[in-house]
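Okay, structure first, notes after.
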Amino acid sequence: MTTDPYLTKLQQCIHCGLCLEACPTYAVFGTEMDAPRGRIALMRAAAEGRIAPAAYNGAFATHLNRCLACRACETACPSGVQYGSLIETARNVIEQQRTPGAGERLLRWLGLRQLMPHRGRLRLLARLLKLVQASGLQGLVRRANALPKTLAAMDDILPPLQIEFGGSAPAPAIGPQRGRVAFFTGCVQDAFLSPVNAATVRVLQRNGFEVHFVPAQTCCGAAHAHSGEPELARELARRNIDAFLAGQFDAVLNNAGGCGLMLKEYPHLLADDPAYAGRARQFAAAVQDITQFLADNLHTPPQKSLNLRVTYADSCHLRHGQKVVQPPRHLLRQIPGLALVELKQPDRCCGSAGVYNIAQPDTAALILDDKMADIAATGAQVVATSNTGCHMQLIAGVRRAGLNARVLHVVQLLDEAYDNNN
Amino acid sequence: MTNSIETLKTILPPEQVLTDPVQLLAYEMDAGLMDRAMPDGVVFPRSAADVVKLAQWAGRHNIPLVARAVGTGLAGGAVAHTGGVVVSFSQMNKVLEFDDLSRRAVAQPTVVNQKLGELVAAAGLYYPPDPASGRTSGIGGNIGTNAGGPHCFKYGVTTNYVTGLQVVLANGQQVQFGGKALDAPEYDFTGLLVGSEGTLGLITAATLRLVRQPPGVKTMMAVFNSVEQAGEAVSAIIARGLVPATMEMMDRQIMRIIEDYTHAGLPVESEAALILEVDGHPASLSPQIEEISALVRQHHATNVQVAHTEAERAAIWYARKSAAGALSRLAPAYYLVDGTVPRSLLAQALREINDICRQYEVHVGYVFHAGDGNLHPLILIPDPTDKTHIEHVHEAGRKIVQICVDKDGSITGEHGVGLEKRDYMPMMYSPAELGAMWDIKNLFDPAGLMNPGKVLPLDVAAPELPAPQPPADSPFAPASAAEAAAALRHWAELPAPPAVRIAGGGSKAGWLMTDAAALLSTANLSGIRAYARDDFYVTVGAGTRLADLQAELAADRMWAPLLSPWPEATVGGIVATSFNGPLRMRYGGLRDLTLTATVAMPDGRVIRAGRPVVKNVAGYDLPKLFVGSHGTLGLLTDITLKLAPLPRRRAGVIAPVDELGAGLAWGRELLRLCLVSSALLLLPGEAVPGVDAPYALLYSAEGMAEDVAEELAAVSALLREQGTSPELRDDLSGSGLWAAWLAATAAEESLLRVGIAPGELAALARQLAGDGSSLLADLPNGLLYLRPADVAAARRTAMQAGGYAVLLRAPAGRYAPAEVWSYAPQSQLLMRGLKAKWDPRGFLNTGLFAV
């Protein structure tokens with residue numbers, strides 16, 4: 001099916017099965033094809049020519065596409081199998097064998113090419129959708145249940161919009177300046193969850209950092225890489241590398257676990273590009289998640305007491321991909337009065353998984369139901385998160401489950417505890 | 001076959017059946033890397049009723065069924081190498097019942113081992129078998145392979161914790177073997193099916209025994225300059241009568257491999273390291289650790305490190321459990337050997353294995369369970385396509401297994417035979433032994449559809465039979481198994497065989513065996529045949545009196561943790577009747593203590609069932625069938641028993657009880673405390689010297705002095721809270737009082753034993769005591785002993801409550817043998833089938849058991 005290094009990586013799996021209990025889709029389906037070990041068996045069979053390329057589009061594609069790529073299996077794996085990279089390669093091969101329909105092509109063209117790389121257009125769309133929400137039209141459409149499945153899935157995860165767009169001028173440090181950092185804003189996060197970005201900037205200022213926005217930055221390219229558009233992903237990666245390496249910063253910070261992981265994986269993405277391989281490594285070394293950075297640089301601890309019961313739902317890409325587990329918890333514990341209640345399975349995917357909840361809405365809903373039951377059991381008033389996709393998915397989940405809880409990024413809680421809004 | 005498979009979708013909902021070849025690729029393998037094969041389909045039953053339909057369908061279409069829980073087996077046991085349907089139990093993953101008072105859980109096959117552990121831990125209980133795969137493996141698979149793990153030295157293996165199984169047989173019949181009451185009077189098919197790797201039936205639910213979670217645990221690592229020194233340190237620890245919960249050893253090579261991966265700080269400059277863990281009441285942990293530290297230092301440990309925090313303890317275990325994963329980074333494949341030798345021979349076995357590996361130029365590293373002699377050489381396979389090298393690996397593997405067999409060990413300790421070791425079976429077992437296993441297979445699965453081709457080698461030579469020899473005397477007392485077998489064959493070939501009855505100490509001769517036409521006595525099968533103190537076992541002739549054996553062992557500060565009220569009782573008689581006393585909850589029952597049995601079978605075959613090692617899953621667990629089958633399947637001639645060091649302290653707390661109900665209620669509360677308890681009895685006050693009350697509650701404990709003191713203090717405190725006046729006494733043991741009360745049964749009285757689930761004992765005891773009859777209750781084991789005036793009425797009451805009732809003693813001639821049992825287990829047809837296979841003439845002890 002593809003190159004030898006790929007086969008070698010596949011062979012690293014010793015089929016021990018320790019990944020099964022970590023896998024959210026195995027929990028739903030209970031079948032090997034929907035577990036990492038079984039998917040690797042299928043990938044291996046394809047690589048060895050035991051599945052004909054013409055047949056990729058059948059059960060092979062079904063089960064590989066059902067994977068959330070949450071990479072919880074990588075944490076569970078004793079053999080260090082690089083599952084995330086394997087599934088991405090295999091899906092790209094499947095994509096190449098497939099001819100998508102006109103509707104899908106249109107949506108992909110619109111989303112991946114015309115919107116995500118363009119901050120201005122996304123912000124405009126957000127303003128338009130806010131009007132739609134304000135007019136009550138969204139409620140009408142939802143009740144009428146008239147949208148095609150994919151659009152309905154997109155609508156489902158659209159949060160109630162608040163507009164708090166940032167400008168492009170650097171935000172100055174408050175108090176003595178301790179450093180200057182660049183802020184990677186993300187595309188969807190910037191447009192649809194703009195209060196998270198605003199809070200991020202304020203918290204950094206509070207801790208003595210001058211925050212730069214680097215106007216030439218663009219979407220990280222994760223959605224492109226994960227939906228069979230690796231070339232487009234590389235193009236975006238080069239633009240980001242050029243943009244951020246043009247300045248001198250102590251760190252390149254982001255507040256979305258999925259985007260952050262993608263940025264850190266640029267060296268892997270551009271490994272075969274001699275002009276960029278080295279620069280990609282240099283860039284990736286500077287990238288840090290906001291929670292990790294703040295955990296090390298919380299020079300001004302928050303003072304205001306938030307008497308809240310809070311649970312934290314790990315972002316898979318932050319936890320299993322970037323291995324950032326304790327920092328967000330550490331930050332939450334710094335907030336006076338806040339009680340952190342752990343979920344039974346904090347490391348279990350919520351079903352968002354990039355664009356999974358749009359591509360596989362039925363499975364995503366089953367996984368989300370489990371997550372919501374776990375959250376409900378904690379009695380939390382706030383669900384804290386650290387990634388754009390999870391954030392939107394959890395808002396939808398809270399609404400569906402009828403829970404009385406707010407969903408907030410960890411930095412938003414910190415921001416509240418600095419009493420910035422008053 | 002494809003068309004037949006499609007018909008399965010008319011029997012069960014189509015979404016429960018997979019036939020797409022791409023999907024089937026995910027079911028080619030389990031976790032054994034050496035075997036793979038495509039099944040014709042995969043089916044996902046959701047209930048026992050689904051499994052019944054499935055088995056009936058498979059029978060009609062002659063389609064093999066390969067059971068699979070989670071597929072973490074390492075011997076290819078779940079590979080459908082002859083085609084057929086893989087039965088994935090992944091939808092049957094519920095804990096059906098959990099009763100913390102009875103210390104029992106009923107689990108479906110894919111309840112994950114670790115999840116069960118977490119569930120019961122929340123109630124202060126513990127399910128000890130913890131294979132390395134426990135994070136993901138299912139209870140059904142654990143049962144299929146009789147899974148072990150690092151805690152077996154102290155706690156035993158899976159079979160010791162399975163008391164009942166719900167099984168769907170090849171003919172589609174659903175039966176319950178064993179169950180909630182311990183040691184029900186039936187052949188121990190539960191014990192037989194544990195470790196049978198899906199070849200005898202499909203397990204749909206298992207009744208599991210739990211123990212109290214030790215309140216404290218402490219872990220340490222000791223480092224040595226050679227594997228031999230580490231082995232000697234282990235021997236020294238055992239010799240002192242210490243019983244650590246784990247003793248794991250790693251050699252230098254494996255430590256280096258693990259360290260490269262985990263950076264856990266392993267002592268890679270040393271030749272060997274031992275991971276030792278002790279558990280118990282908090283007060284006993286430090287004394288145990290200190291004593292062990294001093295001992296290992298005396299035995300040349302160069303460094304001893306005690307984990308002081310949970311994080312330090314986790315780091316040690318993380319390193320140990322990462323062995324296989326770390327290895328897979330070095331080579332794309334490996335071959336994991338799983339042999340067992342008697343523990344004292346470990347160092348020697350290791351030297352020999354190293355020689356073999358050098359000879360075949362294969363790279364090997366070791367992790368092993370030093371406490372139980374189970375070793376796991378891991379042979380690296382750098383290039384799986386190199387046929388010559390693979391052949392070397394297999395050759396080396398075979399030689400390693402031979403080394404284990406030569407030391408009277410096993411070809412597989414805990415992974416199972418599966419496909420991988422099937423052809424090694426004749427190295428370990430004689431044709432007679434393999435033939436006996438095939439008899440069982442043919443009885444349970446005559447069409448050969450249950451995981452066919454696994455475990456048992458396909459071609460087995462005919463067993464050697466002795467020439468028939470008429471017995472010289474009557475009663476006939478053979479001096480060897482061969483002599484017994486010759487006489488049995490003689491009887492079997494007579495036109496009308498006499499009713500032959502086996503006589504041990506003669507405790508039943510007076511009242512039960514009045515119909516004997518010929519007596520076969522064990523009087524000349526007496527004495528210690530082999531004693532391995534280091535390996536905790538003794539082999540004795542079946543006619544050896546228990547009292548004589550205990551006297552010999554006590555001189556060496558050892559004992560066999562079993563008892564009998566009757567001084568004439570022989571080891572053979574106790575084992576054949578599975579006569580368990582109060583010690584059962586602490587040390588396991590006779591089914592757990594009997595490691596091997598040499599048996600002269602009624603058709604003249606002589607087999608040695610089992611091997612003198614705790615971990616052995618090679619083939620069917622034959623000893624289980626002979627424990628408690630009352631001589632109906634053969635004459636036991638030699639028996640190997642598991643031993644224990646004499647406890648350092650024994651003591652008891654006694655409390656007077658004015659009213660039965662109150663005593664039972666207090667007893668229920670005390671059940672939660674049992675950790676090192678050796679008895680918890682409610683007995684008539686007159687049976688206890690110094691007690692002047694209608695009843696007395698006795699709680700005795702034994703083991704480390706600190707454990708005994710702490711537990712009995714808690715017992716006293718609890719009893720004082722109830723308003724009674726407990727007294728700590730060093731001179732009272734539950735075993736002694738139990739034995740004395742049973743032995744005091746007068747010649748004209750009948751002594752009845754009633755078994756029931758421990759949680760339901762109190763209610764039944766109140767009912768049975770209603771007629772004023774004297775009664776002794778063994779609370780944790782769910783046993784009641786009474787001398788009722790009306791045996792039939794007492795039995796009715798017991799059976800209506802879901803229990804069983806067995807006569808232990810009765811006046812001569814009052815009851816016919818059938819009335820001793822009056823019990824019809826669900827497995828009765830199978831019991832009769834097995835009896836007919838092994839004693840087709842039906843002359844040996846027939847009628848003396850519920851067959």
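Within every chain, numbering begins at 1; the chains are lettered A, B, ... in the order of the sequence lines, protein sequences first and strands thereafter. None of these values were measured; they are calculated from a predicted model. Hydrogens, waters and symmetry mates are skipped; everything else that's a heavy atom, side chains included, is used.
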- If you tally heavy-atom pairs under 4.5 Å between each of Val42(B), Val70(B), Leu18(B) and chain A, the highest tally belongs to Val70(B)
- Could you check which of Cys13(A), Gly38(A), Ala55(A), Gly80(A) has the highest count of heavy-atom pairs closer than 4.5 Å to chain B? Gly80(A)
- Do the side chains of Phe60(A) and Val22(B) get nearer than 4.5 Å, heavy atoms only? yes
- Per-residue contact mode, Val112(B) against chain A (heavy atom under 4.5 angstrom): side chain
- Is the count of non-hydrogen atoms from other residues, nucleotides or ligands lying under 6.0 Å from His363(B) atom NE2 greater than 12? no
- Query: Which atoms form the tightest heavy-atom contact between Ala22(A) and Ala72(A), and what is the distance?
  - Reply: O-CB, 3.5 Å
- Item | Any Leu8(B) side-chain heavy atom under 4.5 Å of Leu54(B) side chain | yes
- Sort Leu42(A) into side chain, backbone, both or neither according to what part of it lies under 4.5 angstrom from a heavy atom of chain B. side chain
- Contact origin within Cys77(A) toward chain B - heavy atom pairs under 4.5 Å: backbone
- In short, Pro24(A) meets Cys349(A) closest at the heavy-atom pair CG-CB, 3.8 Å
- Given a strict heavy-atom distance threshold of 4.5 Å, which part of Ala76(A) is in contact with chain B: side chain, backbone, both, or neither? both
- For residues Cys67(A) and Ile87(A), report the shortest heavy-atom separation together with the two atoms involved. CB-CD1, 4.1 Å
- Select one option (side chain, backbone, both, neither) describing which atoms of Ile14(A) are under 4.5 Å from chain B's heavy atoms. both
- Task: Side chain from CB out, backbone as N, CA, C, O: work out which of these in Leu74(B) comes under 4.5 Å of a heavy atom of chain A, or both, or neither.
- Result: neither
- Kindly indicate whether the side chain of Val87(B), heavy atoms from C-beta on, has any atom under 4.5 Å from the side chain of Phe44(B). no
- Item | Student check: side-chain heavy atoms of Gln253(B) and Val364(B) closer than 4.5 Å | no
What donor-acceptor contacts under 3.5 Å connect chain B and chain A, backbone and side chains included?
| residue | atom | partner | partner atom | Å |
| --- | --- | --- | --- | --- |
| Gln23(B) | NE2 | His63(A) | NE2 | 2.9 |
| Tyr27(B) | OH | Glu32(A) | N | 2.8 |
| Glu28(B) | OE1 | Arg50(A) | NH1 | 3.2 |
| Glu28(B) | OE2 | Arg50(A) | NH1 | 3.4 |
| Glu28(B) | OE2 | Arg50(A) | NH2 | 2.4 |
| Asp30(B) | O | His15(A) | ND1 | 2.9 |
| Arg68(B) | NH2 | Glu32(A) | OE2 | 2.7 |
| Val70(B) | O | Arg37(A) | NH2 | 2.8 |
| Gly71(B) | O | Arg37(A) | NH1 | 2.7 |
| Gly71(B) | O | Arg37(A) | NH2 | 3.2 |
| Ser90(B) | OG | Gly30(A) | O | 2.6 |
| Gln91(B) | NE2 | Phe29(A) | O | 3.3 |
| Lys115(B) | NZ | Glu21(A) | OE1 | 3.0 |
| Arg135(B) | NH2 | Ala76(A) | O | 2.7 |
| Thr136(B) | OG1 | Gly17(A) | O | 3.0 |
| Tyr261(B) | OH | Pro78(A) | O | 2.7 |
| Ser328(B) | OG | Ser79(A) | OG | 2.9 |

- Here the pair of heavy atoms bringing Ala67(B) nearest to Ala78(B) is O-CB, 3.9 Å
- Message: Ala314(B): which residues meet the side-chain contact (heavy atoms from CB on, under 4.5 Å) condition with it, sequence neighbours left out?
- Response: none
